[in-house]
Each structure stands twice: as structure tokens, then as C-alpha cells.
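One structure below.
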Amino acid sequence: MWKKLPCSKSELQLLYTLTGGQCFRWKSSGENEWTGVFGHAVWTLSQDDTHVLYRVTSPADRAEDPGVGEGADASGGCTRHLQDDTQKAQLLRKYFRLDESLQELYCKWSQQDPHFKQAAVKFQGVRILAQDPVENLFSFICSSNNNISRISSMVEKLCVLYGEKIATVGDTVYHAFPVVSALASTGVEKALRNAGFGYRAKFIHQSACKIEEMGGDAWLGKLQELPYVEAKAELMKLPGIGAKVADCICLMSLNHLESIPVDTHIFQVASQRYMPHLKKYKSVTAKVYDEIGDYFRDLYGVYAGWAHTILFCADLKMFQQDTLSTKSAGSVVINDKNKRRKTAA
DNA sequence: GGCCGACCTGTGAG
DNA sequence: ACTCACAGGTCGG
């Protein structure tokens, strides 16, 4: 049974927001339907022209399921599961930052930048999610020199190996993203190596240990309060987190919306459309990195990172063919074929 | 300071 | 079926 939240498609496009490369846990579960995990619950989302539709399964909703009570007890008195509909709607609003009017922001950015205006027509309703810092941080440690398809499967492995069970929906068991202490426990690096994480296994384990040393979740919470530049500098003390990954975390889960992650996509867009003098560089140096960030911050203002995400999404999706193949067992997989054009000069 | 090469390996295009 | 280059970078020299 769907619940509804009033929301137009110009305010939110689930497709671009959930599969635009800012998070890795949303899977297509049907036509115009995605299933994923946040806020310790399994959500299935859909939308029509006037509303976002959602179904939620949290552990307390399935008290009759014999397999679930065990896990809930182990974590110790989870009264947070007893959410009423209003709280769930509020959680959803917060996750999508629905208190911000996207119409107004798009309008402002379009006035500032003709190229944005052009991209914005095809890519309406792209939102920056307010993600969980722990999931966001470790997901983007996995992102270095990697592709979205493999990043997604690595994040999934982390959840299955070290995350608490949340609920079974259909024939799929869903897990929460692991807590930091679970990733800091002995043997994680070796296990992740065996699971195909490559050199990122060490980064994940060592970063988890260091976060625990510095205060765990409280430390991450503190980064939300710090100014953007300081929060970024703190993050870059962790192994596997350089300038780009630190900016992703600042932008997507630490509420620093002026952060501009400069990756290969944005470097291409910047040098071809905005800053032609950068064409002579074949890769992003630290100086060029900061120059691009400062340029976009100056162009778009305090929410520069949000505007940047729309450009990124446009670049990512423009040359991508999405083919949906549906299996009979009720599970659906997305087959993303990266048909990105190689733009030579 | 800036530039370069090594780094793990699943995925998917050819 | 079977290569083979590549991928939302980071690190150390």
C-alpha cells in the first residue's frame, strides 16, 4: 500500500537523484520504482506527476517475522523503530531536502550560467540527498579509480558482511550499512581483500580505526558543524580520502553544499565549457583542482555543489543507455552500459 | 610545490 | 569464449 507525499517532478526526479552517482544502494525494482535502504529501514519509492509514492519496511513493522526479532534484540532496545507515518514522511523529506525549493535554485543558476540552463532543461528535479556520513564516507573510499557498477557491488558486500539485518522484503534480505566499529574490527582488511576490494580494503579498515580513535560518530557529527574548509582538511587525514573524496563527503552528508568534487567528468566539462586555459592539462593537479572549485563557487554561490551535481548528472547520463532487464523471480537488475563518448579535444 | 607511475580487480565492450 | 582497457583517485617517490 503506497503512502503519498505531494511533490512535482520538477522538484524531484527519482531516476536522476537516486541513480546519478551520489549514492550506490538504490536498485530498480520495477518500472518507475526503486528500492533501497536509509534511516534503518527499507524503502520502495515511486512517483507520478504530483506525488512521491513510498512504502517502508522497518524491523518493528515485521514483528511477526521470526527471523528479525533476534537482530533487533542484539542491538539493544530499538525504540526508534516505532515510527508513525508522520515521522516516516518527515524522514523522507529530510533525505531529499524537500524544504529547499528546487525551482528557485534552478532559476538562479540558469541566470548565472547559460550552459547550466541548457543542461537543466533535460535534467530537472536533481537533488542532493542528505546521506548518512558513515555510508557516504566508506562508499566514496570505494569510488577511487573505480566504476559505478563495481562500487555498487562493493557497498552491497560491506552491508551483507558487516551490516545489521533490517528486514526481508520479498525474497531479499536487506542490511543496514555497517557501523564504524564493525569495520574497525580485527580481520576486516583481509576479509575485504578476499572479497575483491583490492587496495581499498586497507583504506577502509584503517580509516575506520582512525575514526574510532578520534571519537567515532561524534567526530563525524562535529565535522558537520565545522566550516567547510576545516571539515575537508580533517577528512583528508584519513587514508584513502584525498581532495575529491573529501569533497564528496562534505557535499553529500556533511551539509557543506559549497563543496565541489572535481573528478574526471567535471574536469572535462570545466576545461571544455568554462575554463579553456585548462585544456593543456591532461590530469587534475592540486592547483587546478582548487581553481575549478573556486570558479564554480564564484559562479553559483553558496549551493555551488548542488549546481555542480546537476552538471555531473547531465554528463554522466547524456551518453548512457539504460537497459532494464527483469528477472522472473521478482528481482530486477539494472544493466548500465557506459557508452560515454570519447571527446578528443 | 608539481609531476608520474603504481595500485586491485570486476565489468563489459570488442 | 576470451582478451584487455578502464573506472566519480590516492599515495609515495
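Per chain, numbering begins at 1; letters A, B, ... match sequence-line order.
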I need the residues from [range] with at least one non-hydrogen atom less than 4.0 Å from DNA chain C; give them sorted by number, or say none.
| range | value |
| --- | --- |
| residues 126-142 of chain A | F140(A) |
| residues 281-303 of chain A | none |
| residues 240-251 of chain A | G240(A), I241(A), G242(A), A243(A), K244(A), V245(A) |

- Item | Criterion salt bridge (charged side-chain N to carboxylate O under 4.0 Å, His left out) on R297(A) and D294(A), from CA distance to verdict | CA-CA 5 Å; R297(A) 272 185 285 277; D294(A) 290 339; 3.2 Å; yes
- Note on the structure: With sequence neighbours left out, the residues meeting side-chain contact (heavy atoms from CB on, under 4.5 Å) with A307(A) are W109(A), F116(A), Y300(A)
- Given dA7(C), is OP1 or OP2 found less than 4.0 Å from the side-chain N or O atoms of S144(A)? no
- Task: Ignoring backbone atoms, test whether T264(A) places a side-chain nitrogen or oxygen under 4.0 Å from the OP1 or OP2 oxygen of dA7(C).
- Result: no
- Message: Would you say the ring centers of F296(A) and Y274(A) fall short of 6.0 Å from each other?
- Response: yes
- Please find out if less than 6.0 Å separates the ring center of F123(A) from that of Y106(A). no
- Message: Can you confirm whether I249(A) sits close enough to P133(A) that some side-chain heavy atom of one is under 4.5 Å from a side-chain heavy atom of the other?
- Response: no
- Query: Would you say Y295(A) and L278(A) make side-chain contact, with heavy atoms under 4.5 Å?
  - Reply: no
- Task: Can you spot which of R97(A), Q224(A), E225(A) makes a side-chain hydrogen bond (donor to acceptor under 3.5 Å, both in side chains) with N255(A)?
- Result: R97(A)
- S29(A) pairs by side-chain hydrogen bond (donor to acceptor under 3.5 Å, both in side chains) with which of E31(A), E33(A), K27(A)? E33(A)
Separation between [atom1] of [X] and [atom2] of [Y], rounded to the nearest 0.5 Å:
| X | Y | atom1 | atom2 | result |
| --- | --- | --- | --- | --- |
| K232(A) | L254(A) | NZ | CG | 12.5 Å |
| E212(A) | D217(A) | CD | CG | 7.5 Å |
| L257(A) | H308(A) | CG | NE2 | 11.5 Å |
| K280(A) | S271(A) | NZ | OG | 12.5 Å |
| L192(A) | L161(A) | CG | CG | 7.0 Å |

With respect to the side chain of [X], which nucleotide from [options] is positioned closest?
| X | options | result |
| --- | --- | --- |
| D263(A) | dA7(C), dG8(C), dT9(B) | dG8(C) |
| M252(A) | dC8(B), dG8(C), dT11(B) | dG8(C) |
| S153(A) | dA7(C), dG8(C), dT11(B) | dT11(B) |

- Message: Please report the distance separating the P of dG8(C) from the corresponding atom of dC3(B), rounded so that it comes out in whole Å.
- Response: 24 Å
- Distance, P atom - from dC8(B) to dG13(C), rounded to whole angstrom: 14 Å
Separation of [X] atom [atom1] from [N] atom [atom2], in whole Å?
| X | N | atom1 | atom2 | result |
| --- | --- | --- | --- | --- |
| I151(A) | dC6(C) | CD1 | C1' | 12 Å |
| N145(A) | dT10(C) | CG | P | 10 Å |
| M236(A) | dG9(C) | CE | P | 15 Å |
| M154(A) | dG10(B) | CE | C1' | 9 Å |
| I148(A) | dC6(C) | CD1 | P | 18 Å |
| F24(A) | dA7(C) | CZ | C1' | 12 Å |
| N147(A) | dC4(C) | CG | C1' | 14 Å |
| I260(A) | dG9(C) | CD1 | C1' | 18 Å |

- Query: On DNA chain C, nearest-nucleotide positions of R150(A) versus P239(A): which is more 5'?
  - Reply: R150(A)
- Query: Can you tell me if R200(A) uses its side chain to pair, donor with acceptor, with the backbone of S143(A) under 3.5 Å?
  - Reply: no
- Hey, does the side chain of R25(A) reach the backbone of F38(A) with a donor-acceptor pair shorter than 3.5 angstrom? no
- Note on the structure: Result for side chain to side chain contact (heavy atoms under 4.5 Å, CB included) between Q22(A) and one of L251(A), N136(A), T17(A) points to T17(A)
- Six-ring centre of W43(A), R55(A) cation under 6.0 angstrom, axis tolerance 45°: no
- Message: Near DNA chain B, counting only heavy atoms under 4.0 Å, which residues of residues 190-204 of chain A show up?
- Response: R193(A), G196(A), G198(A), Y199(A), R200(A)
- Message: Stem list for DNA chain C, please, built from Watson-Crick and G-U wobble pairs under 3.5 Å and keeping only runs of at least 3.
- Response: B:3-7 with C:9-13, B:9-14 with C:2-7
